[in-house]
Amino acid sequence: MTEAVRIRPAAEADLPELVELLRQLFELEQDFEPDASKQQAGLSLMLESPFAELLVAECGGRVAGFCGVQLQISTAMGSYAAQIEDLVLHPEFRRRGIGSRLLDAAGAWAKQRGARRLQLNCDDQNLPAMRFYEARNWIRTHLFNYFKFNF
């Protein structure tokens, strides 16, 4: 029998587990490196922001994964868009539909706030993640990300 999964807003008490999940994610990504203090600070900012939400998937009393979502203004859409900021599951909880449920919950949160587009970034070498998104009808665009630090 599969344990029930509950999607809920994150609480400050969840942050150590979310930081650990981000460590696992950032070890896969080419552009970022794990830094617990930075990840803690970013997650805390999201918890405090009225324009962001951290959603936790809980299974059997354990944090199975989480998804962050935040609003931004899209001139192309003439409305809000929502950026998915990190979707990560503990390896033990993958391939159970939990990631899809987190994305659905993030989409519902964004839609309630007037967003008309969801968007996310994915490392171009993370083929399992790319297949996951494409299987859920996410469209790969022609846009590239550029970063500038220390400006």
Side-chain angles (χ1 to χ4, degrees), residues 7-58 63-95 97-151:
I7 307 296
R8 61 170 174 78
E12 193 167 332
D14 296 315
L15 293 185
E17 291 177 89
L18 304 188
V19 167
E20 171 55 24
L21 287 168
L22 285 176
R23 182 193 62 76
Q24 294 173 30
L25 176 65
F26 292 160
E27 285 179 349
L28 296 173
E29 293 187 347
Q30 300 172 83
D31 293 322
F32 303 108
E33 291 186 18
D35 182 322
S37 63
K38 288 181 180 177
Q39 277 78 74
Q40 175 86 26
L43 291 166
S44 293
L45 284 170
M46 288 186 78
L47 269 182
E48 297 166 9
S49 174
F51 303 107
E53 184 73 89
L54 289 171
L55 297 164
V56 168
E58 188 176 69
V63 172
F66 84 98
C67 179
V69 57
Q70 52 192 321
L71 293 178
Q72 62 188 47
I73 297 168
S74 168
T75 56
M77 298 298 297
S79 67
Y80 285 115
Q83 176 75 28
I84 300 296
E85 183 73 21
D86 307 312
L87 170 63
V88 59
L89 294 172
H90 188 283
E92 171 183 341
F93 292 99
R94 292 181 185 153
R95 304 189 62 81
I98 298 170
S100 294
R101 288 192 52 197
L102 281 166
L103 282 177
D104 289 346
W109 180 90
K111 191 172 188 176
Q112 287 175 340
R113 285 152 183 83
R116 293 182 46 218
R117 180 183 71 218
L118 289 175
Q119 59 197 43
L120 58 80
N121 297 326
C122 181
D123 188 286
D124 67 357
Q125 299 299 307
N126 191 343
L127 298 179
M130 293 167 74
R131 284 191 293 269
F132 170 82
Y133 295 123
E134 290 169 7
R136 282 145 191 85
N137 299 316
W138 285 74
I139 300 165
R140 188 172 179 179
T141 71
H142 298 283
L143 299 174
F144 291 97
N145 286 312
Y146 289 87
F147 293 123
K148 184 174 184 177
F149 298 98
N150 303 316
F151 55 94

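Heads up: numbering here begins at 1 and tracks the sequence. Since the structure is predicted, the reported quantities are computational estimates derived from the model, not experimental observations. Below, all heavy atoms of this structure are taken into account, side chains as well, without hydrogens, waters or symmetry copies.
By the neighbour-count criterion of 12 heavy atoms within 6.0 Å, atom OH of Y80 is sparsely surrounded, having that number or fewer from other residues, nucleotides or ligands. When the shell of 6.0 Å around CD1 of I73 is examined, it contains 12 or fewer heavy atoms from other residues, nucleotides or ligands.
Contacts of F149 classified as ring pair (Phe, Tyr, Trp, His ring centres under 6.0 Å), with partners at least two apart in sequence or in another chain: F147. Listed by chain and number, the residues in a salt bridge (Lys or Arg N to Asp or Glu O under 4.0 Å) with R8 are D14, E58 (sequence neighbours excluded). Remark: F26 engages F32 in a ring pair (Phe, Tyr, Trp, His ring centres under 6.0 Å) (not counting sequence neighbours). Qualifying side-chain contact (heavy atoms from CB on, under 4.5 Å) partners for Q30, counting only residues two or more places apart in sequence or in other chains: D123, D124, Q125.
Nearest heavy-atom pair, A13 versus P16, reported as atom, atom and distance to 0.1 Å: O-CD, 3.5 Å. Of all the heavy atoms in L54 and G68, the pair that sits closest is CD2-CA, 3.9 Å. Taking both residues in full, the closest heavy atoms of I98 and A64 are given as CD1-CB, 4.3 Å, listed atom of the first, atom of the second, then distance. When every heavy atom of M77 is checked against every heavy atom of R116, the shortest pair comes out as O-NH1, 3.0 Å. Closest heavy-atom contact between L21 and L89: CD2-C, 4.0 Å. A pairwise comparison of heavy atoms in L55 and A105 identifies CD1-C, 3.7 Å as the closest pair.
Listed by first and then second residue, the salt bridge (charged side-chain N to carboxylate O under 4.0 Å, His left out) pairs involving residues 74-95 are R62-E92 (not counting sequence neighbours). Here salt bridge (charged side-chain N to carboxylate O under 4.0 Å, His left out) pairs that include residues 15-26, with residues two or more places apart or in two chains, are E20-R23, R23-E27.
One finds the SG atom of C67 at 10.0 Å from the CG atom of D104 (value rounded to the nearest 0.5 Å). Once rounded to the nearest 0.5 Å, the distance linking CD of Q83 with CG of N121 reads 5.0 Å. Residue Y133 holds its OH atom at 13.5 Å from CZ of R140, rounded to the nearest 0.5 Å. Going from atom CD of Q70 over to atom CD of E53 covers 11.5 Å, rounded to the nearest 0.5 Å.
Between L47 and L43 there is no side-chain heavy-atom pair separated by less than 4.5 Å. With a 4.5 Å cut-off on side-chain heavy atoms, L71 and W109 count as touching. Within the 4.5 Å cutoff, the side chain of L15 has heavy atoms near those of the Q40 side chain. The side-chain heavy atoms of Q39 and D35, taken from C-beta on, include a pair separated by under 4.5 Å.
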side-chain contact (heavy atoms from CB on, under 4.5 Å), that's the test. Do R117 and S74 meet it? Break it down for me.
CA-CA 9 Å; R117 180 183 71 218; S74 168; 3.3 Å; yes

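Applying side-chain contact (heavy atoms from CB on, under 4.5 Å) to V56 and the options L102, V63, I7 leaves one that passes, V63.
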